[in-house]
Structures are given as structure tokens and as C-alpha cells.
Amino acid sequence: MRLSPDQIIFWQHGFIKLNATIVFTWGLMFVLAVGSKLITRKLSKGLKRSRWQNLLEIIVTGIEKQIEEVGLSQPQKYIGFLGTLFLFVAAASLCTVIPGYEPPTGSFSTTAALALCVFVAVPFFGIEEQGIGNYLKSYVKPTFIMLPFNIISEISRTLALAVRLFGNMMSGAMIIGILLTVMPFIFPIIMTLLGLLTGMVQAYIFSILAAVYIAAATRVSKVRPEHDANIEE
Amino acid sequence: MLIDLFTVIAQVLNFLILVWLMKRFLYKPVLHAIDAREERIARVLADADKKKTDAQKEIDEFMHKNREFDRQRAALLSKATDDVKAERERLLEEARQAVDALSVKRQEALRNDAHNLNQAISRRTRQEVFTIARKALTDLAGTSLEDRMVDLFIRRLRELRGEEKGLLASALKTSHIPLIVRTAFDLPPAQCAATERAIKETFDTETQVQFETSPDLISGIELTMNGQKVAWSIADYVASLEKGVEELLKEKDKLEDKAGPKPE
């Protein structure tokens with residue numbers, strides 16, 4: 001039984017291979033990039049704007065608002081990474097309605113890659129925001145004893161991110177596949193709709209968790225002063 | 001194997017490329033457009049606020065001017081009303097004074113007219129009375145009257161005393177022209193002689209006496225010499241009476257003037 005689109009290999013040359021995961025990812029990348037380019041080609045800065053532009057603006061401002069609500073005070077700085085995470089996962093789930101399509105997020109390699117990106121992005125933004133010293137100090141807080149637990153926490157949550165997304169996406173595709181063999185009418189459609197909902201929820205969860213981790217890394221040493229400032233206000 | 005290392009690396013790269021692409025084609029343009037729109041809306045709102053403020057300011061200014069204008073208009077109207085009242089009072093007062101003056105003048109004119117008429121009537125009456133008297137006496141005058149008159153004259157001459165007599169005597173002595181005796185009618189020689197004798201006896205002189213006739217005397221005899229006169233004539237009586245009546249009338253006029261205009 002095929003658990004991952006990684007197993008559909010179109011071309012291979014030693015270590016380098018071109019499997020369905022990579023191909024569908026390229027497809028999604030092409031659709032997202034070209035679609036954005038086409039819509040943003042004629043952006044209106046006035047009060048009247050096209051429906052497509054309106055849709056894009058709603059999506060972008062929605063993401064921006066979510067990031068801000070998580071606690072990141074400069075959402076425009078993180079929207080490139082977090083927004084792309086959400087859009088990629090959401091688009092990968094949405095496209096499951098296309099027959100013959102295999103979501104790249106159903107591959108553990110893809111989810112692991114995304115989780116790795118988050119794993120790197122968290123210290124990257126943390127160090128950028130508060131300096132390497134302060135960031136590293138956050139691992140020994142409140143006491144030095146907490147250092148191994150903090151490190152384990154970092155790794156385990158990254159693994160959890162990857163496994164959670166992979167499990168949900170893979171199971172969704174697999175359930176539809178099993179149901180098609182058992183009862184090929186109507187029920188698979190309902191499950192596909194449910195799969196769409198699950199995919200959107202997973203996209204939201206993935207990007208929000210990433211945002212929370214980044215927020216935690218960038219706000220560690222700033223919590224107290226900002227809190228005090230809020231009280232003063 | 002669920003995980004493929006190459007695929008993981010490829011997907012990481014793919015994801016980073018996608019991040020760059022999305023930043024380039026989606027987030028930047030859209031956010032830029034949104035910012036530009038927000039800025040424009042903010043500018044429009046600020047402009048509208050400014051216009052509103054300006055409009056409010058203009059409204060306030062206009063209201064203030066309106067109130068000021070109303071106040072000035074009321075003040076001007078009040079002043080004009082007062083002026084008109086004052087002018088009316090003045091004109092009325094002038095008219096009243098003019099009417100009074102005219103009335104006084106008219107009364108004066110009427111009184112003058114009445115006075116003149118009275119005078120004219122009295123003068124005319126007087127003249128008529130004296131004319132009638134003169135005429136009657138002239139008609140009555142005759143020789144016998146002349147005789148009696150000469151007698152009276154002679155007696156008066158003889159009765160002259162004191163200063164009058166002295167004055168006449170001194171005039172007779174210094175005069176070189178003849179003494180003139182005037183009568184209304186020609187005297188008979190006897191009476192002329194008697195008169196001449198009486199003169200000579202009275203003044204004790206030899207002066208020549210010349211007799212003349214003067215109808216103005218009505219009836220009488222008159223001796224004049226060097227401004228001095230001794231006479232008896234009806235004309236004298238009449239003239240004396242006329243003088244008395246005139247004095248009486250003048251006195252009456254004076255009394256009327258003192259009493260002032262009669263009330264209307």
C-alpha cells in the first residue's frame with residue numbers, strides 16, 4: 001500500500017530523483033506564483049478594485065491580523081514565511097478535489113521539510129530580534145536545569161508539527177482511497193469535503209503554531225517591559 | 001521508508017523559493033497597495049476634516065457677522081427713529097411758532113386797521129362838525145356881529161396886563177412897519193377909528209394902523225405885529241375846540257395801547 005507520493009517516482013538518477021511530491025509541489029508553486037503575479041499585475045491603489053484583488057487583500061490582511069493576534073508586533077516581517085506556510089498547506093489541501101492529484105503535504109518528507117524550516121526559523125527570528133546571547137539565555141530559564149528540557153521541547157515540537165500534518169493529510173487521502181474500494185458512491189464525496197475542512201484546519205494549525213513558536217522566541221526577554229508598559233497605559 | 005532525504009532537501013528549497021516568490025508577487029504588492037490606499041483615505045479624511053473645520057469656522061464667522069449686522073441695523077433704526085421724532089418735534093414747534101407769529105401779526109394788522117378806521121372816522125367826523133360849525137357861523141356873521149366883535153376886541157386890548165402887554169408894547173416901539181389889524185369883513189370907518197384909538201391909548205404910541213380883510217377868520221378881529229398877536233375870532237374858538245378834541249383822542253389811543261391786545 002502506498003502511503004506517500006514519494007513512492008511515485010517519475011525519474012531517478014542515483015540520489016537525485018523526481019517523485020510526485022516534488023512535481024506536485026512545483027505545480028502548486030507555479031499556480032500560486034503565477035496566480036499572484038497575474039492578479040497583482042494591475043493592482044489598484046484607489047478605492048475601486050477588482051474582485052480578485054479584493055480576495056487577495058482579504059487573504060493577506062487576514063493572515064496579517066492573525067499573526068498580529070498571536071503577539072508578533074511587526075506582522076509584515078513574518079508574513080512572508082508564515083503566510084507562505086499557510087497558503088502552501090491550504091493550497092495543497094484544496095487541490096485534493098482535482099482527480100489524480102496527490103497532496104505533497106501527504107508526504108512525510110514535505111511535512112518534515114516544513115517543520116525543519118520552522119525549526120530553523122524560530123532561532124533565526126529569535127536571534128535577529130534579541131541577539132544571540134539573549135536568545136541562548138532563554139534556554140536556561142528559569143534555571144539551568146531546564147536546558148535539556150527546553151532542547152527536547154524544541155525538537156519534539158518540530159517532530160510533532162511534521163507528524164501531525166503528515167498524519168492528517170495522509171489519513172485523509174488514505175480514507176478516501178479505502179472508501180472508494182468499499183463504497184464508491186456519495187460517501188467518498190462527503191469524506192473529500194471533510195478532508196478539505198481538515199486540510200484548512202491543519203494549514204491554520206501549522207502556521208499558527210509556527211507563529212506562536214516564533215513569537216515565544218522573539219518575546220522572551222521583552223515580556224516584562226511590555227507588560228509594564230501596558231499597565232502604565 | 002516514509003522519509004526521503006533528497007525529497008526533504010528539495011522540499012526545503014522549494015519552500016524557500018516559494019517564500020521568495022510569494023513575497024515578491026503577493027505580499028509586497030498587496031500590502032503596498034493597501035498602505036497606499038490607507039494613506040490616501042487618511043489624506044482624504046484629513047482633508048475633509050480640514051474642510052469641515054474651515055466650513056465651521058466660516059459658519060461661525062458668518063453668524064457673528066450676521067449678529068453684528070442685526071445689532072448695527074437695530075441701532076441705526078433706533079437712531080433714525082429718534083432723529084425723525086426730534087425732527088418732527090422741531091418742525092411742529094417751528095410751525096407752531098410761525099402760526100403764533102402770523103396770528104399775532106394778523107391781530108396786530110386787524111387792530112391797526114381798526115385803529116386807523118377809528119381815527120379816520122373821528123377825523124372825518126371832527127372835520128365835518130367843524131366845517132358845519134364854520135359854515136353856520138359864517139352864515140350868521142354880519143355887521144352887528146362885527147360891531148360886537150370889535151367891542152370885544154377893544155375891551156380885551158384894554159384888559160391886557162403884565163407881561164403880554166409889555167411884550168406888545170416893546171414890539172410896537174421897536175417895529176418900523178405898520179401894525180396890521182385883520183378882520184373877516186371890511187370894518188366901517190367908525191369902528192376902524194375906535195380900534196385905532198384904543199390901540200394908541202393902550203400902548204401909548206403913535207404907530208400907523210393898517211386894516212386888512214381875511215375871510216379865514218370866519219368872524220373876528222386880529223392884531224399881529226412882529227410875531228405878537230392879540231385876537232378874538234370864532235376861528236380861534238373852533239381851533240381851540242379842535243385842539244382839545246385831538247388831545248382827548250390821543251389820550252384815548254394811549255390808554256388802548258397800554259391795555260394791549262385783547263384776548264381772542
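All chains are named by letter (A, B, ...) in the order of the sequence lines, taking the proteins before the strands, and each is independently numbered beginning at 1. As the structure is a computational prediction, the values presented were derived from the model and not from experiment.
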- request: Kindly check if the number of other-residue, nucleotide or ligand heavy atoms within 6.0 Å of CZ (B/F62) is above 12?
  value: no
query: Going by heavy atoms in the side chains, are A/L32 and B/L21 under 4.5 Å from each other?
result: no
query: For A/L43, is it the side chain, the backbone, both, or neither that has a heavy atom closer than 4.5 Å to a heavy atom of chain B?
result: side chain
task: Return yes when atom NZ of A/K77 has more than 12 non-hydrogen atoms of other residues, nucleotides or ligands closer than 6.0 Å, and no otherwise.
output: yes
Using atom types as modelled, flag every donor-acceptor pair under 3.5 Å from a side chain in residues 208-216 of chain A to any protein atom, sequence neighbours excluded.
none

message: If we define contacts as heavy-atom pairs under 4.5 Å, which of A/P104, A/G83, A/A112, A/G35 has the most with chain B?
response: A/G83
query: Is there side-chain contact between A/I79 and B/L31, with heavy atoms separated by less than 4.5 Å?
result: yes
message: With a sphere of 6.0 Å drawn around CD1 of A/I132, does it hold more than 12 non-hydrogen atoms of other residues, nucleotides or ligands?
response: no
message: Can you give me the closest heavy-atom contact between B/A33 and A/S44, atom names plus distance?
response: CB-O, 4.1 Å
Enumerate, atom names and distances included, each donor-acceptor pair closer than 3.5 Å involving a side-chain atom of residues 67-74 of chain B, sequence neighbours excluded.
from, atom 1, to, atom 2, distance (Å)
B/E68, OE2, B/R71, NH2, 2.7

- prompt: Contact part of B/I41 toward chain A, heavy-atom cut-off under 4.5 Å: side chain, backbone, both or neither?
  reply: side chain
field: Part of A/T111 lying under 4.5 Å from any heavy atom of chain B
entry: neither
message: Testing the 3.5 Å rule here: is there a donor-acceptor pair between the side chains of A/S109 and B/Q11?
response: no
task: Heavy-atom distances under 4.5 Å only: say whether A/R49 touches chain B with side chain, backbone, both or neither.
output: side chain
query: Taking atom OG1 of B/T7 and atom CG of A/D6, what is their separation to the nearest 0.5 Å?
result: 4.5 Å
field: Region of B/L18 in contact with chain A, defined by heavy-atom distances below 4.5 Å
entry: both
task: Identify, with sequence neighbours excluded, every residue that meets ring-ring contact (aromatic ring centres under 6.0 Å, His included) alongside B/Y27.
output: none
statement: dist A/I22:CD1 -> B/F6:CZ (nearest 0.5 Å) comes out at 4.5 Å
query: For atom CD of B/E163, is the number of surrounding heavy atoms from other residues, nucleotides or ligands below 6.0 Å larger than 12?
result: no
field: A/I16, part contacting chain B, at a heavy-atom distance under 4.5 Å
entry: both
message: Is the shortest side-chain heavy-atom distance between A/Q76 and B/D35 below 4.5 Å?
response: yes
message: Counting only non-hydrogen atoms closer than 4.5 Å, does B/R37 touch chain A with its backbone (N, CA, C, O), its side chain (CB onward), both, or neither?
response: both
query: Are B/F15 and A/T110 side-chain neighbours, meaning at least one heavy-atom pair lies under 4.5 Å?
result: no
- request: Under 4.5 Å, heavy atom to heavy atom: which of residues 86-96 of chain A reach chain B? Give them by number, or say none.
  value: A/L87, A/F88
message: With chain B as the partner, which of A/I39, A/L116, A/L114 has the greatest number of non-hydrogen pairs under 4.5 Å?
response: A/L114
message: Does A/R51, at its CZ atom, have more than 12 non-hydrogen atoms belonging to other residues, nucleotides or ligands within less than 6.0 Å?
response: no
task: Using a cut-off of 6.0 Å, state whether more than 12 heavy atoms not belonging to B/K23 lie near its atom NZ.
output: no
query: What is the distance from atom OG1 of A/T40 to atom CZ of B/R24, rounded to the nearest 0.5 Å?
result: 9.0 Å
